[in-house]
Amino acid sequence: MSYRIPSPPPSLEELAKRQQNVVTASQLRARGVPARIITEHCRRGGPWRRVLPRVYLLQSAEPTPEQRMWAALLYAAQNGREEGRREGAVITGTAALALYGFTVVPRLPAVTGVDVLVPRQRRLKDVGEVRIRRTERELVARSVHGLACAPVARAVADALVEWTAEPGGAAPVREVLREAVALPGNRCTVRELVSELTDSGLTCEPRVRAALDELLATERDLALERIGRLVDERLLPAPLNAPELRMRGGTYIAVPDLYWPERGVAVEVDSELRSVSEGEAAWVRGGQHRMEYLGIRVVYVCGAALAADPDAVGGELREAYRVGGTDVVELLVV
């Protein structure tokens, strides 16, 4: 049996370099620095300074914006009842968006408050510019410039909770949602954004709901454009765009995104993301069930799959058109 020898912890110099000269009291003591030396070094005119409870800056100069972020994160990641124990914490809200590079929020030097997300059971208080935000969900971290940040969708939701609480504020809601899904590297999908905003209760806020519906409509239009190109590439006939389907007696059935009446085939793009309104979502689902009941073959296309593997989606559309619907009743197309 082989044993893996654990690697020694980084030296104080290595740790300071990794954390941009910001360290905790427990980290200093673990490396042999007694409390007396910490106190002496932090006196007026000394080489160090205390920036937050049990968090120190190994320099006498004012902290940089990045060092302020490190201090906030290390403060929240400590367990004050047991110095040697560390628990999860991630930067969220406006500070995280600034680190991600959002252009609709102030640049990092202008960010005055730092929201840090911690598990709900943590006993921590707001201090200085650090605001503690608690969650019952498991923390998920994304490394941004070495700092643990909440995923983009969660950071956006937490920022919007704060912005929308300000009466009469002109928060850039539409702009931040658009930028979230347009970040380089596709670090946030529309689906993730909808899920986070719904979980945060923000879809009940009129400004957020309107901006989100606008974003969903734009994303669906882009997806339909891609499908149009796939239809042309595979030499399929042009489908009808958003026709209203009714029974011969006039009974309403549905309004699919695309429809081939000669084959009884309908296409629905991200139908579960058509609107954040529960009433409209139920209306859409009802139409889909009616189409399927009447024998129409409904092809459900996911925008993410369309972007990742358009050839597979194109093949599915071509096969659906070839097979067609089953015993489709004659319908009115309005």
Side-chain angles (χ1 to χ4, degrees), residues 177-178 180-182 185-195 198 212-334:
L177 295 187
R178 290 196 199 105
V181 298
N186 297 320
R187 286 181 285 186
C188 178
T189 66
V190 175
R191 196 177 301 272
E192 290 168 340
L193 198 57
V194 171
S195 177
T198 302
L212 191 54
D213 280 342
E214 184 180 298
L215 177 65
L216 293 176
T218 300
E219 291 294 309
R220 282 168 48 78
D221 287 344
L222 291 173
L224 287 169
E225 285 181 16
R226 294 192 189 107
I227 290 177
R229 291 194 291 271
L230 291 175
V231 167
D232 291 341
E233 290 169 4
R234 281 153 182 78
L235 304 178
L236 295 173
L240 300 178
N241 289 297
E244 184 176 307
L245 305 184
R246 291 183 177 271
M247 300 291 287
R248 279 294 170 184
T251 302
Y252 171 81
I253 300 171
V255 179
D257 290 318
L258 301 171
Y259 185 60
W260 282 286
E262 71 277 13
R263 302 298 296 161
V265 175
V267 177
E268 292 276 70
V269 180
D270 278 339
S271 54
E272 73 277 20
L273 300 179
R274 182 171 293 185
S275 172
V276 293
S277 167
E278 271 301 318
E280 184 170 347
W283 177 74
V284 171
R285 287 193 298 269
Q288 293 165 356
H289 294 157
R290 287 189 291 273
M291 286 191 291
E292 292 173 344
Y293 178 78
L294 292 170
I296 295 172
R297 183 176 297 275
V298 183
V299 181
Y300 296 97
V301 177
C302 171
L306 182 62
D309 194 354
D311 288 340
V313 175
E316 184 180 3
L317 293 173
R318 185 177 182 85
E319 179 63 14
Y321 185 86
R322 185 189 69 79
V323 175
T326 57
D327 300 324
V328 182
V329 299
E330 190 175 358
L331 304 176
L332 288 172
V333 180
V334 182

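Note that the CD1 atom of I227 and the CG atom of D232 stand 12.0 Å from one another [nearest 0.5 Å]. For the atom pair CZ of R297 and CE of M291, the computed distance is 13.5 Å after rounding to the nearest 0.5 Å. For the atom pair CZ (R229) and CG (L306), the distance works out to 8.5 Å, reported to the nearest 0.5 Å. We find the CG-CG distance between L240 and L258 to be 9.0 Å, quoted to the nearest 0.5 Å. Here the CG-OG1 distance, from D213 to T218, works out to 10.5 Å after rounding to the nearest 0.5 Å.
The minimum heavy-atom distance between V265 and A320, with the atom names listed, is CG2-O, 3.4 Å. Closest non-hydrogen pair, L177 versus L212, comes out as CD1-N, 3.9 Å. Contact between A180 and C188 at its shortest, heavy atoms only, is O-CB, 3.4 Å. The two residues W260 and P237 make their nearest non-hydrogen contact at NE1-O, 2.7 Å.
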Check step by step if side chain to side chain contact (heavy atoms under 4.5 Å, CB included) holds for N241 and L224.
CA-CA 9 Å; N241 289 297; L224 287 169; 5.8 Å; no
Pair L294, M247 - check side chain to side chain contact (heavy atoms under 4.5 Å, CB included), show working.
CA-CA 10 Å; L294 292 170; M247 300 291 287; 3.8 Å; yes
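Not counting sequence neighbours, R290 has no partner by the salt bridge (Lys or Arg N to Asp or Glu O under 4.0 Å) test. Every residue two or more places apart in sequence or in another chain was checked for a ring pair (Phe, Tyr, Trp, His ring centres under 6.0 Å) with Y300, and none qualifies.
Proximity of a side-chain donor or acceptor of R220 to a complementary backbone N or O of V269 within less than 3.5 Å is detected. Using a distance-only test at 3.5 Å, with no hydrogens or angles considered, a donor-acceptor pair links the side chain of R318 to the main chain of R234. Under the 3.5 Å distance criterion, the side-chain polar atoms of E268 are left unmatched by any main-chain donor or acceptor of P256. Using modelled atom types, one side-chain atom of R263 and one backbone atom of R322 make a donor-acceptor pair closer than 3.5 Å.
When side chains are defined from C-beta on, E219 does not count as touching D270, because their heavy atoms never get closer than 4.5 Å. The closest side-chain heavy-atom distance from Y321 to P239 is not below 4.5 Å. Looking only at side-chain heavy atoms (C-beta outward), D257 and V301 stay at 4.5 Å or farther from each other. Taking 4.5 Å as the limit, some side-chain heavy atom of L245 sits within range of a side-chain heavy atom of I296.
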